[in-house]
Q: 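Have a look at the structure that comes next, please.
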Amino acid sequence: MSNDSIFIRACKRLATERTPIWIMRQAGRYLPEYRAIREKTDFLTLCKTPELAAEVTVQPVDIIGVDAAILFSDILVIPEALGMKLEIVESRGPTFDNPVRSLDDLNRLNTDGLLKRLKYVFEAITVTKERLAGRVPLIGFAGAPWTLATYMVEGKGTRNFDVVKALCYNQPRVAHELLQKLSDAVIEYLNAKIRAGCDAVQIFDTWAGVLSPSDLDEFSLRYISYICDRLETNGAPVIVFAKGVSDTAKLANLKCDVLGVDWTKDIRVAKSQAGEKAVQGNLDPCVLFASKEKIREETERILEAYGGEAGHIFNLGHGILPNTPPENAKYLVDCVKELSIKYHERAASQ
Ligand code: CP3
C-alpha cells in the first residue's frame, strides 16, 4: 500500500529504515526516454494525453529508482485553464502573449468550470496509479499564487521581476485580486488531485526568494497559508517548497507537513527551524555534474547533518538540470538508499 511507503512515513515523521528520495523535475529532458517521447509530441500535448503523461511520470521510478512519482504536468496549466494562451518553446521557456496587467485582464480569467478544463490531469492520475500499482506513492503539485503570478504578469520568465513587482506596488488591489483568484483555483485543483488519487501534494513557490521580507508575507506566504488552511487532504501530506526563503522559521506555522529547502541552507538549521515539520532537500543540483566520489561525499554530508531522526526526505534543492547525466541521478538514488541506513539504525537503537 502506498500509504505505508517510506516516503509517506517520512513526511509524517514516522520512523523508516532508510531515508526516502525523489527528485524535483525527475521526469524531464535529462532522460533519453523522455526526449524520445518529446520528439514526437509537443509539451502541452504530452501534459494533456493521459497515457503519455502517465508513461513519463513512471519513467524515473523504473529508470533511476526514486521512492515517489510526481505527476507529469506543469504549474502553468492553471493559467492556461483560466484562459491564457501558453506556449512552451525550448530554450525560451514558457510565454503568455496576453499577460495580466489590469483589472480588465484579471476579469477575463475564467474560473467557472476550471476543473472540467483540467480533466486531463485527473485522468492522467487514474492511469498513473494503475501503472504504479502501489509500487511508490504519487505526488501531485501546483504552483504557489506568487510564482504563478510572476509568469502571468510578466508574460514570460524574468530576471528582475520588475513588471510583476510594479503591479504589486502600483496596483495592489489588482495584484491581491489576482493572487486571491489563483489561491482559490489552487485549492480547488489540489483538492481534486487528492480526490483523484494523489498520495501527497507539493506547492512550488519557486520565486518566493525574490521578495523582501515584508513583501514575502504580503504577496506570497499569506496566500500559501490561506491554501494550506483549506486543503481537504484526507491524510495526504502537504509539502511547501518556498525556494530562497532563508528564514525557514517563517514557514513553521503553515498548516503543512513538510518544508522543502534549497541548497543554500544548512539542513541542520532548517531542521531546527522547521519545528514539528519534516524537511525535504537539499543537494545542489550541480553536484550531479561532479564525480561519483563528490556525489557520494555531498550526499553523506547532508544525511549526516540531518541525522537518523524521522522526517527527512532527500531531494535536490531545486529541479534536476536538463544536461544532468542520468547515471549520476541513479548513482545519487543508490547512495541515499545505501548510506542512510546506518543513521536510522543508530537512531532506532538509542
Ligand atoms: O517534477 C516533475 O518531474 C514533474 C514535472 C514538472 C514540470 N514542471 C515539467 C516541465 C514540474 C513539477 C514543473 C513545475 C514548474 N514549472 C515550476 C516549479 C518548479 C521549478 O522547477 O521551479 C515552474 C517555475 C515551471 C514553469 C516552467 N515550465 C518553466 C520555467 C519551464 C521551462 C524551463 C525548461 O526546463 O525548459 C517549463 C517547461 C517544462 N515543465 C518542461 C518540463 C519537463 C520542459 C519542457 C520540455 O520538455 O521541453
Side-chain angles (χ1 to χ4, degrees), residues 21-49 52-64 66 68-80 84 86-96 121 124-125 128 136 138-152 154-159 161 164 182 186 189-190 193 198 200-210 220 224 239-245 260 262-263 280-281 285 315-324 326 329:
I21 173 170
W22 69 280
I23 296 177
M24 287 188 274
R25 296 284 198 106
Q26 65 192 16
R29 283 174 300 189
Y30 75 104
L31 287 177
E33 293 83 352
Y34 171 84
R35 285 202 306 271
I37 291 178
R38 270 285 278 114
E39 261 167 37
K40 293 174 273 173
T41 323
D42 71 84
F43 178 73
L44 270 181
T45 306
L46 181 49
C47 293
K48 292 182 178 186
T49 311
L52 290 178
E55 185 172 341
V56 296
T57 299
V58 178
Q59 280 178 349
V61 178
D62 293 334
I63 300 165
I64 62 168
V66 285
I70 177 161
L71 184 76
F72 188 81
S73 187
D74 197 83
I75 62 167
L76 300 177
V77 298
I78 286 195
E80 205 242 0
M84 298 187 73
L86 171 64
E87 267 185 283
I88 292 188
V89 182
E90 177 113 33
S91 79
R92 258 204 313 142
T95 58
F96 292 112
V121 176
I125 293 171
T128 305
V136 295
L138 178 63
I139 304 168
F141 67 90
W146 164 251
T147 289
L148 292 174
T150 64
Y151 290 97
M152 293 167 76
E154 298 271 348
K156 56 183 181 343
T158 166
R159 204 178 270 271
F161 300 86
V164 65
L182 290 170
V186 167
Y189 182 57
L190 287 181
K193 276 187 159 173
C198 284
V201 291
Q202 173 156 323
I203 299 170
F204 282 93
D205 206 357
T206 304
W207 303 121
V210 305
S220 162
I224 294 179
I239 308 166
V240 172
F241 174 61
K243 183 168 179 273
V245 175
D262 67 47
W263 65 91
Q280 176 174 283
N315 207 316
L316 301 181
H318 194 191
I320 190 166
L321 294 162
N323 296 326
T324 303

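Note that ligands are numbered from 1 as they come in the structure, with each ligand's atoms numbered from 1 the same way. Along the sequence shown, residues carry numbers from 1. We use all heavy atoms of the structure for the numbers below, so side chains are in, but hydrogens, waters and symmetry mates are not.
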Q: If I apply the N/O under 3.5 Å rule, does T147 come out as touching ligand 1?
A: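 There is no such contact.
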Q: Can you tell me which residue and heavy atom of the protein come closest to atom 23 (C) of ligand 1, and the distance to 0.1 Å?
A: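 Closest protein heavy atom to atom 23 (C) of ligand 1: I75 CD1, 3.4 Å.
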Q: Any heavy-atom pair between the side chains of L86 and D74 that's under 4.5 Å?
A: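 Not touching, per the 4.5 Å side-chain cut-off.
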Q: Does at least one non-hydrogen atom of H318 fall below 4.0 angstrom from an atom of ligand 1?
A: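 Contact present.
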Q: For W146, run the side-chain contact (heavy atoms from CB on, under 4.5 Å) check against L182, V164, I224 and tell me which one passes.
A: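 It is V164; the other options fail the test.
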Q: Specify the protein heavy atom at minimum distance from atom 11 (C) of ligand 1: its residue, its atom name, and the distance to 0.1 Å.
A: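 Looking only at protein heavy atoms, the one closest to atom 11 (C) of ligand 1 is F141 CZ, 3.6 Å.
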Q: If the cut-off is 4.0 Å to any non-hydrogen atom of F204, which atoms of ligand 1 fall inside it?
A: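 Numbered from 1, ligand 1 contributes 12 (C), 18 (C), 19 (C).
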Q: Should W207 and S220 be marked as a side-chain contact (heavy atoms from CB on, under 4.5 Å) after you check the CA-CA gap, both sets of side-chain angles, and the distance that decides it?
A: CA-CA 9 Å; W207 303 121; S220 162; over 6 Å; no
Q: On the 0 to 90° scale, with breaks at 30° and 60°, tag the F204-F241 ring pair as parallel, tilted or perpendicular.
A: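 It falls in the perpendicular class, over 60°.
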Q: Between T206, T95, T57, flag the one that comes closest to atom 18 (C) of ligand 1 by a heavy atom.
A: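 Ranked by closest heavy atom to atom 18 (C) of ligand 1, first place is T206.
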Q: So which of P322, G143, S73, G28 gets nearest to atom 9 (C) of ligand 1, if we judge by its closest heavy atom?
A: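 Nearest option to atom 9 (C) of ligand 1, by heavy atoms: S73.
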Q: Test side-chain contact (heavy atoms from CB on, under 4.5 Å) on Y151 and M84; report intermediate values, then the result.
A: CA-CA 11 Å; Y151 290 97; M84 298 187 73; over 6 Å; no
Q: Return the closest protein heavy atom for atom 41 (C) of ligand 1 as residue, atom name and distance.
A: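 The answer is F43 CE1, 3.6 Å.
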Q: Can you tell me which residue and heavy atom of the protein come closest to atom 43 (C) of ligand 1, and the distance to 0.1 Å?
A: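 Protein heavy atom at minimum distance: Y34 OH, 3.5 Å.
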Q: Can you tell which of D74, I320, L46 gets a heavy atom nearest to atom 39 (C) of ligand 1?
A: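 Minimum heavy-atom distance to atom 39 (C) of ligand 1 goes to D74.
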Q: Do ligand 1 and Y151 have nitrogen or oxygen atoms that lie under 3.5 Å from each other?
A: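 No.
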Q: Say whether A27, considering both its backbone and side-chain N or O atoms, lies within less than 3.5 Å of an N or O atom on ligand 1.
A: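 In this structure, A27 places an N or O atom under 3.5 Å from an N or O of ligand 1.
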Q: Out of all atoms in ligand 1, which are within 4.0 Å of some heavy atom of I70? Include the element for each.
A: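 The list of qualifying atoms is 1 (O), 2 (C), 3 (O), 4 (C).
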Q: For ligand 1, find out whether one of its N or O atoms is nearer than 3.5 Å to an N or O atom of W22.
A: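 Looking only at distances, the answer is no, because the N/O contact criterion of under 3.5 Å is not met.
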Q: Run the contact test for P94 against ligand 1 with a 4.0 Å cut-off on heavy atoms, strictly below, and give the result.
A: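 In this structure, P94 qualifies as a contact of ligand 1 - some heavy atom is under 4.0 Å.
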Q: L44 vs E80, test: side-chain contact (heavy atoms from CB on, under 4.5 Å). Steps then yes/no.
A: CA-CA 10 Å; L44 270 181; E80 205 242 0; 4.1 Å; yes
Q: Of all the heavy-atom pairs spanning I139 and A68, show the shortest one and how long it is.
A: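 Looking at all heavy atoms of both residues, the shortest contact is CD1-CB, 3.8 Å.
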Q: For L76 and L148, what are the C-alpha separation, side-chain angles and deciding distance, and is it a side-chain contact (heavy atoms from CB on, under 4.5 Å)?
A: CA-CA 7 Å; L76 300 177; L148 292 174; 4.2 Å; yes
Q: Should you measure from each heavy atom of F72, which atoms of ligand 1 turn up under 4.0 Å away?
A: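 Those atoms are 9 (C), 43 (C).
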Q: Heavy atoms only: which of K156, R25, Q59, R29 lies closest to atom 15 (C) of ligand 1?
A: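 Closest candidate by heavy-atom distance is R25.
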Q: Got the closest protein heavy atom to atom 48 (O) of ligand 1, with its distance?
A: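 That would be R38 NH2, 2.8 Å.
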